[in-house]
Visitor: 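To start, I am sharing the structure in question, which I have written as structure tokens.
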Amino acid sequence: MSDSPLSLASALHAPVLQWYAVNARTLPWREPDAGAWAVMVSEFMLQQTPVARVLPAYEVWMRRWPKPGDLAAEPPGEAVRAWDRLGYPRRALRLHAAAKAIVELHGGEVPSDHAALLALPGVGTYTAAAIASFAFGQRHAVVDTNVRRVFARALTGVAQPTISPTAADQRLAVAALPSDPTVAARWAVATMELGALVCTARVPRCTQCPISTQCAWILAGSPPYDGPPRKGQTYEGTDRQVRGRLLAVLRAATGPVPKKSLDACWPEEIQRERALDGLVADGLVEPLPRNRYQLPH
DNA sequence: GAGCCGTGGGG
DNA sequence: TCCCCAAGGCT
């Protein structure tokens, strides 16, 4: 290509930002008065769970726990219960632990400092940058799967990003960031939205894309993906499925559950016991005397 | 760093 | 139908 990825990136700022101004979805955590806690809760829930499934649980959650201290005051099991069927329930546990840390270390307010965010349970590179950028308007590279895909196509010229995030992704995202913090924050959410709505994984809607005429992948003739095969994630018959069933029983129950009820979830004893032990080890389930179990207190 | 961790919807 | 995959983090 004649242009470097970096000079190309700066040429994408205006069209992407204009596209976002018109096409951004209205989402509760994006409302001007939403606040950092709303952003944080949404980011936890959106880790590997689609927006459409997050919305109902998010509304219930924020109504019940409008501030970190409200959540921190309840037992962790209530967070697991309210997590409902979003999946990966350890995120609920981590969000609860993060709320407690916010109360103990930050006076009950979500910190704006990137390093302080990163130190919270369940907050990794992506989530720390997302909260700092979306909630506080700071200049950070917010690199999620959407952004990695947009940059892979528009800047690198390949059909799909690498299977797992790389340092090169991070460097590219940092280099592509507009210099002004407010604009950078807008750019971060706009590139994510573009990946979510237009530059999608399966069938990208290139006819609706604001940068299709500059996209390195399209200019290269839209070459197909030629990287290593992506490992399909199996689920049927795995411990994850068993854990899900066990936890569903405990979420539905109002109090302690006899082990007999859990045994009914899964026929194979070895796997069932292993899954239950794993849930206890993770702190998602609390064993009680007399062979009973409940969500953690 | 590869593997593990849920769940459900759309193509 | 079946398969892919969806705003990751942790060990």
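Everything quoted here is computed from the prediction, not taken from an experiment. In what follows, every chain begins at residue 1, and chains take the letters A, B, ... in the order their sequences are listed. The figures that follow rest on heavy atoms only: side chains count, while hydrogens, waters and symmetry mates do not.
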Visitor: Quick check on DNA chain C: between R94(A) and L46(A), whose nearest nucleotide comes earlier from the 5' end?
Guide: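 Residue closer to the 5' terminus by nearest nucleotide: L46(A).
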Visitor: Hey, which sits more toward the 5' end of DNA chain B by its nearest nucleotide, R251(A) or V203(A)?
Guide: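 That would be R251(A).
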Visitor: For the C1' atoms, the ones on dA7(C) and on dA2(B), what distance do you get once it is rounded to whole angstrom?
Guide: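 So the two C1' atoms sit 23 Å from each other.
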Visitor: Base, sugar-phosphate or nothing for L86(A)? Non-hydrogen atoms, less than 4.0 Å.
Guide: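 Answer is base: heavy atoms of L86(A) come under 4.0 Å of a base.
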Visitor: Check this one for me: any side-chain N or O of R149(A) less than 4.0 Å away from OP1 or OP2 of dA6(C)?
Guide: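 Indeed, a polar side-chain atom of R149(A) lies that close.
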Visitor: Relative to the ring of W187(A), is the ring of H13(A) parallel (under 30°), tilted (30 to 60°) or perpendicular (over 60°)?
Guide: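 H13(A) and W187(A): perpendicular rings.
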Visitor: Test side chain to side chain donor-acceptor pair (under 3.5 Å) on E43(A) and Y126(A) and set out the steps.
Guide: CA-CA 9 Å; E43(A) 290 303 335; Y126(A) 161 77; 2.7 Å; yes
Visitor: Compare side-chain N and O positions of Q47(A) against OP1 and OP2 of dA7(C) and report whether any pair is under 4.0 Å apart.
Guide: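 So the side-chain polar atoms of Q47(A) never come under 4.0 Å of the phosphate oxygens OP1 or OP2 of dA7(C).
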Visitor: Examine dG6(B): is either OP1 or OP2 under 4.0 Å from a nitrogen or oxygen in the side chain of R243(A)? Give yes or no.
Guide: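 Yes, such a contact exists.
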Visitor: Charged N to carboxylate O under 4.0 angstrom, D263(A) versus R272(A)?
Guide: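 So D263(A) pairs with R272(A) through a salt bridge.
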Visitor: Could you measure between the two P atoms, the one in dT11(C) and the one in dG6(B), and give it in whole Å?
Guide: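 The same atom, P, in both gives a distance of 14 Å.
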Visitor: Expressed as a whole number of angstroms, how long is the span from W83(A):CH2 to dC5(B):P?
Guide: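 For the pair W83(A) CH2 and dC5(B) P, the rounded distance is 18 Å.
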Visitor: Check the distance between dA6(C)'s P and L55(A)'s CG and give it to me in whole angstrom.
Guide: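 After rounding, the reported distance stands at 17 Å.
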Visitor: Nearest 0.5 Å, please: how far is CG in L262(A) from CZ in R245(A)?
Guide: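 Nearest 0.5 Å value for the CZ-CG distance: 13.0 Å.
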Visitor: Between Y235(A) and dT7(B), does any side-chain N or O lie under 4.0 Å from OP1 or OP2?
Guide: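 Answer is yes, contact under 4.0 Å.
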Visitor: Once you round it to whole Å, what is the distance between P of dG6(B) and CG of L284(A)?
Guide: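 From L284(A) CG to dG6(B) P: 7 Å.
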Visitor: Salt bridge check, R81(A) against E74(A): does any charged N sit closer than 4.0 Å to a carboxylate O?
Guide: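 So E74(A) does not pair with R81(A) through a salt bridge.
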Visitor: Please determine if a side-chain N or O atom of S164(A) lies less than 4.0 Å away from the OP1 or OP2 oxygen of dG1(B).
Guide: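 Result: no.
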Visitor: Between C1' on dG8(B) and CE on M45(A), what's the gap in Å once rounded to a whole number?
Guide: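 Between C1' of dG8(B) and CE of M45(A): 16 Å.
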Visitor: Is R91(A) near enough to dC5(B) that one of its side-chain N or O atoms lies under 4.0 angstrom from OP1 or OP2?
Guide: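 Answer is no, no contact under 4.0 Å.
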Visitor: dC3(C) C1' sits how many Å from K231(A) NZ, rounded?
Guide: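 In whole Å, dC3(C) C1' lies 16 Å from K231(A) NZ.
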